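These numbers come from a predicted model, not from an experiment.
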Amino acid sequence: SSVPRSRPPVQPPADPAGVVLHVGDQKGGTQSLLRAANLLGGLPYRIEWTTFSAGPPLIEAARSGAIDIGQTGNTPVIFAAAAKARVQLVAASQGNVVSDAILVPHDSPIHTVADLRGKKVAFGKGTSAHGQLLYTLRAAGLTMDDIDPSYLQPSDAYAAFKQGQVDAWATWDPYTAQAQLESGARVIATGDGTANGYSFEVASNEALADPRKQAAVADYLRRVDAAMRYSDTHRDQRAVVWSRETKLALPVTQLAAQRGPDLPVPMDDRLVASEQDLADAFSDAGVIPGRVRFADIVDRRFEGRAAPL
Amino acid sequence: MSTTLPGAPARASAPSSPTPPDPSSGPRRRLPTWQRWISPVAIVVVWQLASTTGLLAEDELASPWRVLTAAWDVTLTGELPQGLAVSLARVVVGFLLGAVVGLVLGVWSGLSRWGGLLIDPPVQMLRTLPHLALVPLFILWFGVQETPKVLLVALGVLFPIYLNVHAGVRGVDPKLLEMARVSGFDRREVIRHVVVPGALPSALTGLRLSLGIAWLSIVVAETVSSDSGLGYMITDAREFLRTDVIVVGLVVYALLGLGTDALVRRIERRALRWRPVLAGADA
Amino acid sequence: MSTTLPGAPARASAPSSPTPPDPSSGPRRRLPTWQRWISPVAIVVVWQLASTTGLLAEDELASPWRVLTAAWDVTLTGELPQGLAVSLARVVVGFLLGAVVGLVLGVWSGLSRWGGLLIDPPVQMLRTLPHLALVPLFILWFGVQETPKVLLVALGVLFPIYLNVHAGVRGVDPKLLEMARVSGFDRREVIRHVVVPGALPSALTGLRLSLGIAWLSIVVAETVSSDSGLGYMITDAREFLRTDVIVVGLVVYALLGLGTDALVRRIERRALRWRPVLAGADA
Amino acid sequence: MSAPVTAPARVAGLVRDFGGRRVLEGLDLTVGPGEFVALLGRSGSGKSTLLRVLAGLDDTAAEGVEGTVEVPGSVAVAFQEPRLLPWRSVRDNVLLGLHRDDAADAADRALAEVGLTERADAWPLTLSGGEAQRASLARALVREPDLLLLDEPFGALDALTRIAMHDLVLDLWGRHRPGILLVTHDVDEALALADRVLVLDEGRIVADHAPGPRPRHDVADLRSTVLAELGVIDDATA
Amino acid sequence: MSAPVTAPARVAGLVRDFGGRRVLEGLDLTVGPGEFVALLGRSGSGKSTLLRVLAGLDDTAAEGVEGTVEVPGSVAVAFQEPRLLPWRSVRDNVLLGLHRDDAADAADRALAEVGLTERADAWPLTLSGGEAQRASLARALVREPDLLLLDEPFGALDALTRIAMHDLVLDLWGRHRPGILLVTHDVDEALALADRVLVLDEGRIVADHAPGPRPRHDVADLRSTVLAELGVIDDATA
Ligand SMILES: Nc1ncnc2c1ncn2[C@@H]1O[C@H](COP(=O)(O)OP(=O)(O)OP(=O)(O)O)[C@@H](O)[C@H]1O
Ligand SMILES: Nc1ncnc2c1ncn2[C@@H]1O[C@H](COP(=O)(O)OP(=O)(O)OP(=O)(O)O)[C@@H](O)[C@H]1O
Ligand SMILES: [Mg+2]
Ligand SMILES: [Mg+2]
């Protein structure tokens, strides 16, 4: 593989003109964000979008150089670090943590996190909900061993949740909003005070090794920054676009959008520590083998260059 | 002692043009029958009845009517027709690739002892590899564009074709192979006139299976970075819990299954028309 | 004019016990050959060489040696042996269910005209339904315990068995069916002695395919709320980007494929021992 | 077995049409109770076609078949090709479908009679042409039917074996008195064995001879007549 | 075609063993250039087995086969069963594998000669037994080989058709002078057609007769001799 193993050095400034930037995206993700903010015009390079269903396959693609950059949540990047994937985290953003919720059916006898003891809880293994559940349980003095985990991806989990096959479901928006609105699900805990709500831009080492692509990445990051801020101030518009792209009912996306979008944050020590803590929690839970040094894949060099447009 | 057969006309009158055989096997040959529609229609009717009477809750399975509406929606948005077109292109390319490779390998390993000894074991090993597990490796090796998708389809198609062709070739009547040998058939003629027609019924079963599997594979293949295609439409609907759209996808697949079947039946009817319809066949 | 045949001994000496046939078809019958190991071993050797020479980067495909180490790890943790055991149980139950249903439907629709007309179309429709899309519906209908998993396996197994049995039954020599009819065979005897053996080669191909598909289905099935099983091990490894464990899974699958194949070959050798080994067969 | 008072086979006005090709055109034939009928006819004249209809394999309900066919009793057929189940031993081929208490014994006896004891456990595909034909004959004879249809059952046999098989058929006939319809190309055979010798031509029975009481020593004239009906000028008389 | 100076078939010490069952035990046989040899023998005596070896279908390299087999020229075979490709028309069955410029014409001519012009476009499975046999014969004859192996090619034919086929074989033989090995059960046929009449028994050639120059009118004695060798007491002389 031509993908460099270690972090490529900072390249001399170059002209990104003519470069094709392969960007990985998820449905209703960055592309729609940029389009809504009208920031896709006048690019000196060309963007080729590739859509992924989730974070892990996006990282799979990034580490083989199949894509240059793409956004993913706070948990898949930990596995990327554990797998020593040839990628760098070049930017971070933080969203509301209210939507990272643990849900129960409206008529459930469960009211507090402590009530979850011995109960069947659905969540996707290795998703951000997994991490959030780890935290929430820990805060309530419980561990994973105290509950009966049912590993289900969101779609399957929702089906099982509606049929009463599981007692609780740890998930995120727009699923939280959908479950709340469609089946009256009750929130017994949110990520407030526990989850960190980070998302990361994951860049392939291969892209960073190319001066012109590096320049394109820098420019792209600037635009994403701006788009997030725009979407924060245009939440209704965001909900409409979101609904159109995911075919979720408008009220669902409106509820999700009102909780606030992701906003850029610096990758400071607090962020690294928080992620390291999450990684350790996964290590402790035996989900990943050994210890992970999260800082190894954090590449802060683009933050200075990602000045606002 | 010199006698002429009544049935043997003068030599000159023997037609020498190689016209296709049109044997008088009679008008008993079966046509596509409307009766084949009885059970599909019955299923839809029962389904609709169960839905209207509430026996089948709407959130367990959307009613045919609601599925029809959803189908209309995704048709209007262009999602379904475009998805079909995109997937079709991938399926066709992948299918051709896999079918050709499967056919060649199957004939080869079926015909020659060493071919069988060398080709068969790795194929038997590879054929159980799960697509879902191959996806990450395929991304690593072939990126995220069309190549891995087409290859996944090809891989899915290859094995049923291979296995059925191989078995068909092995099952070719050895008496006919012997006849071909002593009648001066060259290798090409043996394959074309003895092996291929002899293996055809089995190969057609392989074709049936593999056409089905081609469409199944595309669902997995389109989880690799795509934003269009029938498979994508289904995974996407699944992601966002649109049960009705999932069912639309399933119905489209069922129709594709029926279409495939009709196609293969056609080929079958043409290719096997030498089989006389005997009374015993319908015991 | 009354003559006795030299070959016909006195009546009394005719053995009347129905001993199994042991025909003198000669010692040419092929035994399991070591040659079948040539290509699998060659593949592993080339793979290891490509890895050691660096031609194949370690993170594109782990070397056989590293895969072995990873396999040892997951064996020590119990993940692999337990996973295999759990999956095996699911596969066996699902396989039996699917195979029996497929067999019965295949024989039925192959033998009777109405059976074919009524059974065949819905089966042709259902067989193209993608497992991945069925998962949410199966959860709705059958929950998240063992039932949906076993049913997904059964569904995967059903169709290759059905299609191959159906085709095999349809391909049974009608002359033999006629013979059975005029020789007083009852329906059970016709099925047992004419239809089943006649359809067997094709059915065995179906068996091969379906055993493979059973293992493929378990990967999808075990995405439904499971925390053990071979399929789970693979999806889990994928989730955590553990390429080496994925490859361990793939290798286990390949071995399962070889094992399955060896099993079916055994059955085949026994069941088809009436086929004389003729010279023409190895052209 | 029904009492042999009704004719085991009666056919009237039988027409068999293969998509425009008329093979049988209003054929009439009765095989009386216990009667041994030989059927001669040119290759392709429709002998096997007639036997198929009598065996109930071509239904008069089916397209292309017309006429009256009455076969009230049980039937056994030795087809023109042996039609052995390749996956069952020779013995099983004789045995299967035989629902009698002494089926196994009867099968072994029949195999001994056709000289196949030694090959009883062989797979049919390893038999020689004549051996297969004898196995098929044994299968038909052991069934002791009301109507026995034999389609060139001795065609692949050498002179000696053929004589032994003649004896076998005559023996069975003497014991059970089935109606027998024997298709053969050997005029001598027909004249030696049968009560009546029929010639099928152009879709109809065109000649019906009774060779007279047995043992028959002088049938030379009749032989010439039949050969002439088959289109051959007999050297011996010519 | 090779010049007919070397024997088209020579076999010495041929042993054929089917897993312990010895069918041929040191058989010697030479078919001279342009020689017409008839082979008689009881059912199961190994005639077809011998033909298979001569046709190169049972390699002497294979297990169970021993001895010297020399067949230098081209061979054509009419097997005991017709072995027609069921998925090709009758014409194609004669035609395929025939690599000659006038192959199509030759095939049609051959079909006309065996009386199958009318059925040339039919599927083989719709042929009558005798028609299929004639198609198979036409396929062998049209190849004009150096060695022609005919395994009971007239067994399913009526007297008239049989005579016509005799003429056909003699005609081809006269024109191209192949070596011919004809397996038959009909002693008269063997005596009428062949230069030499052989009897195969217990795995060896036990008798070798030359009926003398043609046309042959009085072969009655030889006929009785051969029949006796086959185990039959001839009625005519007895
Ligand atoms: N593959 C085989 N395995 C075992 N025995 C065999 C095999 N082929 C032939 N035989 C036996 O060898 C003997 C000779 O067979 P062959 O076919 O040569 O007889 P044949 O002289 O042609 O007889 P027929 O006149 O009946 O055709 C027979 O007893 C037959 O059963
Ligand atoms: N299924 C069919 N379709 C078309 N033609 C057929 C079919 N079956 C038989 N025939 C034709 O009908 C005619 C009579 O066939 P049949 O088998 O009855 O002849 P046969 O008298 O038994 O001849 P043989 O002595 O050669 O066996 C033949 O010309 C044959 O080609
Ligand atoms: Mg006939
Ligand atoms: Mg023979």
**Prompt:** How many angstroms lie between atom CG of B:D173 and atom CZ of E:R83, to the nearest 0.5 angstrom?
**Reply:** 7.5 Å

**Request:** Indicate yes or no: at least one non-hydrogen side-chain atom of B:E189 is less than 4.5 angstrom from one of E:H99.
**Result:** yes

**Message:** So E:F79 and B:K175, do their side chains get closer than 4.5 Å, heavy atoms only?
**Reply:** no

**Gap between atom OG of B:S183 and atom CG of E:L95 - 0.5 Å precision** = 12.0 Å

**Prompt:** What residue among E:V77, E:D58, E:L57 forms side-chain contact (heavy atoms from CB on, under 4.5 Å) with B:E178?
**Reply:** E:L57

**Asked** Counting heavy atoms not belonging to E:W173, are there more than 12 under 6.0 Å from its CH2?
**Response** yes

**Prompt:** Distance from E:R88 atom CZ to B:H193 atom NE2, nearest 0.5 Å?
**Reply:** 5.5 Å

**Asked** Does the side-chain contact (heavy atoms from CB on, under 4.5 Å) test come out yes or no for B:W274 and E:L85, once each step is laid out?
**Response** CA-CA 10 Å; B:W274 52 269; E:L85 297 174; over 6 Å; no

**Item:** side-chain contact (heavy atoms from CB on, under 4.5 Å) assessment of B:L176 paired with E:W87
**Value:** CA-CA 11 Å; B:L176 293 181; E:W87 40 77; 3.8 Å; yes

**Prompt:** Between CG of E:L96 and CZ of B:R192, what distance do you get to the nearest 0.5 Å?
**Reply:** 8.5 Å

**Request:** Pick one of side chain, backbone, both or neither for E:L84, based on which atoms fall under 4.5 Å of a heavy atom in chain B.
**Result:** backbone

**Asked** What residue, out of E:P86, E:A140, E:P124, has the most heavy-atom pairs lying under 4.5 Å from chain B?
**Response** E:P86

